[in-house]
Each structure stands twice: as structure tokens, then as C-alpha cells.
Amino acid sequence: MSEKFYLTTPIYYVNSAPHLGTTYCTLAADTIRRYQAMLGKETLLVTGSDEHSQNVERAARKKGQSPYDFSTELSNEFKREWDLFEIPYRFIRTSDPRHHATVQWLFERCRANGYITAGTYTGQYCVNCELYVNDAEAGDPCPDCGRATETVTEENYFFKLSAFEDRLLKLYEEQPEFVTPDYRRNEIVSFVKGGLRDLSITRSNLQWGIPVPVAGHHVFYVWFDALISYLTAVRDEHYWPADVHLIGKDILRFHAIYWPAFLMAADLPLPGKIVAHGWILKDQVKMSKSRGNVVRPEPLRQVIGADPVRYFLLRDIPFGQDGNFSYDSLITRINADLANGIGNLASRTLTMIRQYRGGNIPASQGAAEISAAATDAVAAYRVSFEKYEFNRALESLWTLIGAVDKAIVAYQPWTLAKKDHPEPQAKLDEILYSAAEVIRLATALLHPVMPDATAKIWAQLGMTTPIAETRIDQLAWGQLPAGQAIGEIAPVFPRLEAAKVIDRIQEIDDMEVDRINVLLGKTEAPAEEVKQPWAPPPGVAPLAPEITIDDFVKVDLRVAKVLTA
RNA sequence: GCCGGUGUAGCUCAGUGGUUAGAGCGACGGUCUCAUAAUCCGUAGGUCGUAGGUUCAAAUCCUACCGCCGGCACCA
């Protein structure tokens, strides 16, 4: 009976289509899941869609659809994207009757244990937008429409979050990795130490939601709905509790505080850890619909391919921190590490094996320095990977790849091949075997990150066992069988030409935007204004015509501080 | 405002008291030829945010200031 490993992404809100942020999280989750599978575990990745909200209801109505039909189309959009990225998942919708039943069941359990109370909720509400505005004072403007909000008071049900302060602090202390990375844990600890207030978990004037099993009309509000989907997805299965909830830093508090408290209140086992990642910035600024700088995954996948995109995101961004996305860094990274790095190493090694050894892996122990470096790299990779430090894991592997490239130049196999004596021939076997064996080890370790490309290299090496069934905890130097016939050689990571690639991405992105706008019921294309050249605001003199560089060097620019005026 | 973090080469970062401060990428020059105009070698580039202090010795510890980032209750 193998160990199970259950992890989740957030269930994504159906107010928009997948973007690079949701894709990042899902790709990372897929990578973690594949890694755990290669440790021999029975794995499950759950993702899904969060559908109940006033906003969704309004968007659907505007488009002339029921909230359910609207949500169905959008959740299909997420499924479609993960399918295209070839990510295996189990999908849960909050509109699913099974989920309704689970939420109600959990509510009853919490209530039976005395953690649900009836109370009065008072807050600010925008009648126009039908929106609860949370940290607003009486009369504050609505963030959406700017009209004054009204103070509303209604009878609600509350969750006694305040009863869990001590137990939560004990959890964070006894299980320090419950919240990862550690700086996020510190934030959570200090927040809880500051005292917890009870949580209003129902609303009486919303329609599109899960009915609360009490007299009168109430539906569950936000978190006592969304979080519970993780449980719904595996209800009555051996997968619970989740080993990892992978989330963005913006929803950490709900996962690290509310969620364990709900589960404690219901006497259910707690998840293993909450892992929070950062945001992806586009050219150093936060992506947002209003800025019109949202990066969509589909053009990247179509033009560059899923595997290089996955590699870039995990290699270039320290997991947990915010990271920057730019076409320039993407293309540079792919060319340097994939095309010139591992791709070229595989290519040159296999070609030499074909040319000098008739396409059969030579028999050799390999070079001592390389086998030692490889053993270290494998260990370092695993340590970093299991701490979710993907960038460091990958970096340690590329140090090894660099060492092999260096060794090839030092050995000069093309010179050795011309010498028909046992000694140089043995040296030739040694370097060729070493290089091929490093490729095998690196490819196996990289398989969770780049499932498709690594399978191709695996086949080129002549491996006959499925790469996904390789046990990465059993990798050791020297397992590449001597005499094995290599497969057909073909480049796996072609070099990218920046200008062409970017043009093609833009082209596809334009089509994507149109398609998504139809889906969301938006008629006019938004955010076009950001592409307009900058214009001076009223009262500011228009810009003078630009000058050439030749004129510019003639300009004498000086800075002065005005002391009196 | 309060709390926490951070500021090191053009870019991304490593380096928590001890030799002339490092890596990758990018730039430039050279080289091999097995390879995807790849590899490899070399060069350029840093008053380690600023000002003090502790110490025989500080990027590394302390203080102040400046900049940036995060958290400070319901942001899916």
C-alpha cells in the first residue's frame, strides 16, 4: 500500500479566464504532484472553480445567462487550459450538489460542537453594486462605483474563530512548516497573537449561494464555502487530509487561520501545510485588467510550448516571492538554459555516441569527478525541491550540466576518437558514458518540471522504461545500461528568435482577448487606452518634438536646487 | 503610523566577522569543432544604500537616516 499525497490549488474565481498567475500556481502544483508520484506515492491534484458570489450573479445576468450556465462556461475555460497544458487534475465546482452537502454537513458539525452562533452583522454595503465593502467606515464611498455606502445590519450566523487562538498558535509552534515560507508563518503568528474576532459566515440578502440549513433565507458567505471544496473533492476517500494547499499570498490568512479553525471545530484532521507563493509581475508592475497588462497562458503555450514556460516560471522566480515576467527574460532564460544548456548537451553527447560508438552506450564507470558532482547535484536538487525552492533545485542541476560541458572540452572526445589505442579509447568511453549518465539523471529529475521534453530526451537516450515510473529516490550513478542503443536524435529545445516569438504571441493574444471577452459578456474590448501614446494632461504644455541622439549630445543638462523663489 | 524584511557587478542573485567580494545571464575579445551561430577560455564592470559606532579585523554586528517590499480581519 503506497503512501498517498493530496494537494490542491485554490479554486479559481470565475470572474475571469486563466491568466499567468493562476497558471503559475497550477503548473507548480502539477510539478509538485509529479515529483511526489516519482517518489512512489499515490497522488491527487485537485483544482476547481469558485462560483458563488454577487459579482458572478451580476455578470451572468448582464450576459443574459443563469449564474450556473455562466459559471459552467468559465469553469470549462479553466479545465480547457489545464487540459491543454496536459495537467491531470480532479475538478471541483462550488455549485456541485456534493459540495453543497459537504458545506452543510460541516456547518452542522461545527454547530453541534458549539462553534456556531447567531448574531448581528453590521457593515458597509453598496446598494448600487450590491457589494459588501469590508473595512469601510459609515458613508465611505464604494470602491467600485464611488457612491456612498450604507450601513446594513442583518441577522447572521457567526463562526467562533476567537475560540481557536491558543490552538492555532500551538499548531504553528508544533508544526512550524504548517505555513511555508517561514516569513509568511511569522505574519500569521503575529496576526493571531493580535486576537481573533468571530467570523460572519452567512448572508441573508444574497441569492446565488449555498443555503444554510436553518429557518429563513441564508446562504454561506465566501470562506465557509470556498475552502470546504478541498474536503468535498475527496469526501469519504483516503486522501483526506490534504498534504499541501498551494495558494497565492493574498489568500494566506484564510487558509492558515480560518481553514484549520473550521476543521478543528468539526473534529476533522488538519492539512499538512499551507504553501504560499508570490505574484507574478509583468515588467515590474502588478498585472491587472485595468492596466491591460494581463499575460494570458495560451499564447505562450502555443508559441513557446508548455515545458519551457514551466521551466522559466520555476527557475526564474524564487517560489514565495513576487517575480517578474518579461518576454526578454523568458526568451533569454530558455535560450541560455534549455537550448544552449541541456538541449545542446544532449545533442552533442548523443551525436558523439552515434558517431564514435555506433549508437550504443559505451561500458564505463564514468569519470570520478563527474559521478561525484552528479551525486551531489541529485542530493542538492532533492533537498531544495522538497523545500519548494525550485529555483535553487534547478540551479544545482545546471551547475552539473556546466561541469559536463567543461569536461567534454577537457577530454576532447573528437581527438580521442582518432587515436586507435586502448587508453584513449577507454577515456572516450569514460567521457561519453559520464555525459550520457548525467543526462539520464538530470532528465529524470527534471521530469516533474518538463514532463514532455524530458520524455523525448529519455527516448533519445534509448531508455525503454517509462520516465514517469523512474523513482527519483532511487537514482544512483551507473544505472545507465552499457550497450543500450540510443534512439533517434532530434533537438528538443530549439533556440527562440525574440522578435518572431513576440510577434506571434501578440497575434494569438489578440484573438484570445476577443474570445474571452465574449465569454465574459463584454462587448467592447477593454484596456485599449494603455496602448495609446502618452498625452499631457490639460494645462501642461504639449511635448516638443523628439530630438535625435546627435542633437542630444550637444545638450548641456544641469541640475539645480531652487533655494528661493 | 506600528511591526517585519530588504538594499552587493548592466540584470537576477549567492555570500551572517578574517586572505586581493563571488555565480549565472547580458556585453566584448579569443578558441575548439562533437553540438541547436552551441561549448570552452579570457576581459570589462562593484567606495557591498548613506552616515556614524563596536572590533586587531565588517558586505557580514549595533545605531540613525534614505529607498524599496510585505503584514496590520473577511482582498476567492
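Below, each value reflects all heavy atoms present in this structure, side chains not excepted, and no hydrogens, waters or symmetry copies. Just so we're on the same page: letters track the sequence lines, and every chain starts at 1.
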Does the cation-pi check pass for R333(A) over F312(A), that is, NZ or CZ under 6.0 Å from the six-membered ring centre and within 45° of its axis?
no
Just name whichever nucleotide pairs with C13(B), Watson-Crick or G-U, keeping both distances under 3.5 Å, else none.
G22(B)
Which value, in whole Å, describes the distance between the C1' atoms of nucleotides C11(B) and G26(B)?
7 Å
To the nearest 0.5 Å, what is the distance between CD on Q355(A) and CG on L432(A)?
10.5 Å
Does NZ or CZ of R310(A) fall inside the cone over F390(A)'s six-membered ring, less than 6.0 Å from its centre and within 45° of the axis?
no
Tell me if the centroids of the rings in F164(A) and Y115(A) come within less than 6.0 Å of each other.
yes
Pairwise P distance, U31(B) and G22(B) [rounded to whole Å]:
28 Å
Length of the CG-P vector between L394(A) and A23(B), whole Å
21 Å
Say you pick atom P in A73(B) and the same atom in G15(B); how far apart are they, in whole Å?
33 Å
Between atom CG in D322(A) and atom P in G70(B), what is the gap in whole Å?
7 Å
Counting Watson-Crick and G-U wobble pairs only, both distances under 3.5 Å, name the nucleotide matched with U31(B), or none.
none
Does the side-chain contact (heavy atoms from CB on, under 4.5 Å) test come out yes or no for T23(A) and W82(A), once each step is laid out?
CA-CA 8 Å; T23(A) 307; W82(A) 312 148; 3.9 Å; yes
Which whole-number value in Å describes the distance from K249(A) NZ to C75(B) C1'?
12 Å
Given atom CG of L330(A) and atom P of U12(B), what is their separation to the nearest angstrom?
17 Å
Quick one: are the ring centres of W398(A) and Y311(A) less than 6.0 Å apart?
yes
Base paired to A64(B) (Watson-Crick or G-U; both N/O distances under 3.5 angstrom)
U50(B)
Between G18(B) and A9(B), how far apart are the C1' atoms? Round to whole Å, please.
23 Å
Checking G70(B), C74(B), U36(B) against the side chain of E187(A) (C-beta onward), the nearest is G70(B)
Determine which nucleotide pairs with G70(B), using a 3.5 Å limit on both distances of a Watson-Crick or G-U wobble pair.
C3(B)
Can you list, in residue-number order, the parts of residues 486-501 of chain A that come under 4.0 Å of RNA chain B, counting heavy atoms only?
V492(A), F493(A), P494(A), R495(A)
Please classify the nucleic acid contact of G48(A) as base, sugar-phosphate, or nothing, using heavy-atom distances under 4.0 Å.
nothing
Could you work out, with side-chain contact (heavy atoms from CB on, under 4.5 Å) as the rule, every residue matching T8(A), not counting sequence neighbours?
Y6(A), V46(A), Y230(A), H245(A)
Give one of base, sugar-phosphate or nothing for R185(A), where a contact means two heavy atoms less than 4.0 Å apart.
nothing
Whole-Å gap separating P (U12(B)) and CZ (F319(A)):
21 Å
What salt bridge (charged side-chain N to carboxylate O under 4.0 Å, His left out) pairs are there with at least one residue in residues 392-415 of chain A, not counting sequence neighbours?
R348(A)-D405(A)
One thing to verify: whether E57(A) and R61(A) come together as a salt bridge, which I'm taking to mean a side-chain N less than 4.0 angstrom from a carboxylate O.
yes
For the aromatic rings, using the six-membered ring if either is Trp, is the centroid distance between Y327(A) and F325(A) under 6.0 Å?
yes
Want to settle it: does P10(A) or R184(A) sit nearer the 5' end of RNA chain B, counting the closest nucleotide to each?
R184(A)
For H52(A), enumerate each residue passing the ring pair (Phe, Tyr, Trp, His ring centres under 6.0 Å) test, keeping only those at least two apart in sequence or located in another chain.
H100(A), W208(A)
Encode nucleotides 24-34 of chain B as B, S and - characters from 5' to 3', where the letter depends on protein heavy atoms closer than 4.0 Å: B to the base, S only to sugar-phosphate, - to neither.
-S------SSB
For A38(B), which nucleotide is its Watson-Crick or G-U wobble mate, given both distances must be under 3.5 Å?
none
I need the NZ-P distance between K193(A) and C2(B), as an integer number of Å.
21 Å
Could you tell me how far U8(B) sits from C48(B) if I compare only their C1' atoms? Round to whole Å.
4 Å
So what does I11(A) touch, heavy atoms closer than 4.0 Å: a base, only the sugar-phosphate, or nothing?
sugar-phosphate
Should A59(B) form a Watson-Crick or G-U wobble pair with both distances under 3.5 Å, which nucleotide is its partner?
none
What interatomic distance, in whole Å, is found between P of A51(B) and the corresponding atom of U47(B)?
12 Å
N335(A) atom CG is separated from A38(B) atom P, nearest whole Å, by 9 Å
Could you measure between the two C1' atoms, the one in U6(B) and the one in U16(B), and give it in whole Å?
14 Å
Once you apply a heavy-atom cut-off of 4.0 Å, does D250(A) come out as touching a base, just sugar-phosphate, or nothing?
base
Euclidean distance for P, C75(B) against C65(B) (whole angstrom)
35 Å
Rounding to a whole Å, what distance do you find between L161(A):CG and C74(B):C1'?
10 Å
Applying side-chain contact (heavy atoms from CB on, under 4.5 Å) to A374(A) and not counting sequence neighbours gives L400(A), V438(A), L441(A), W477(A)
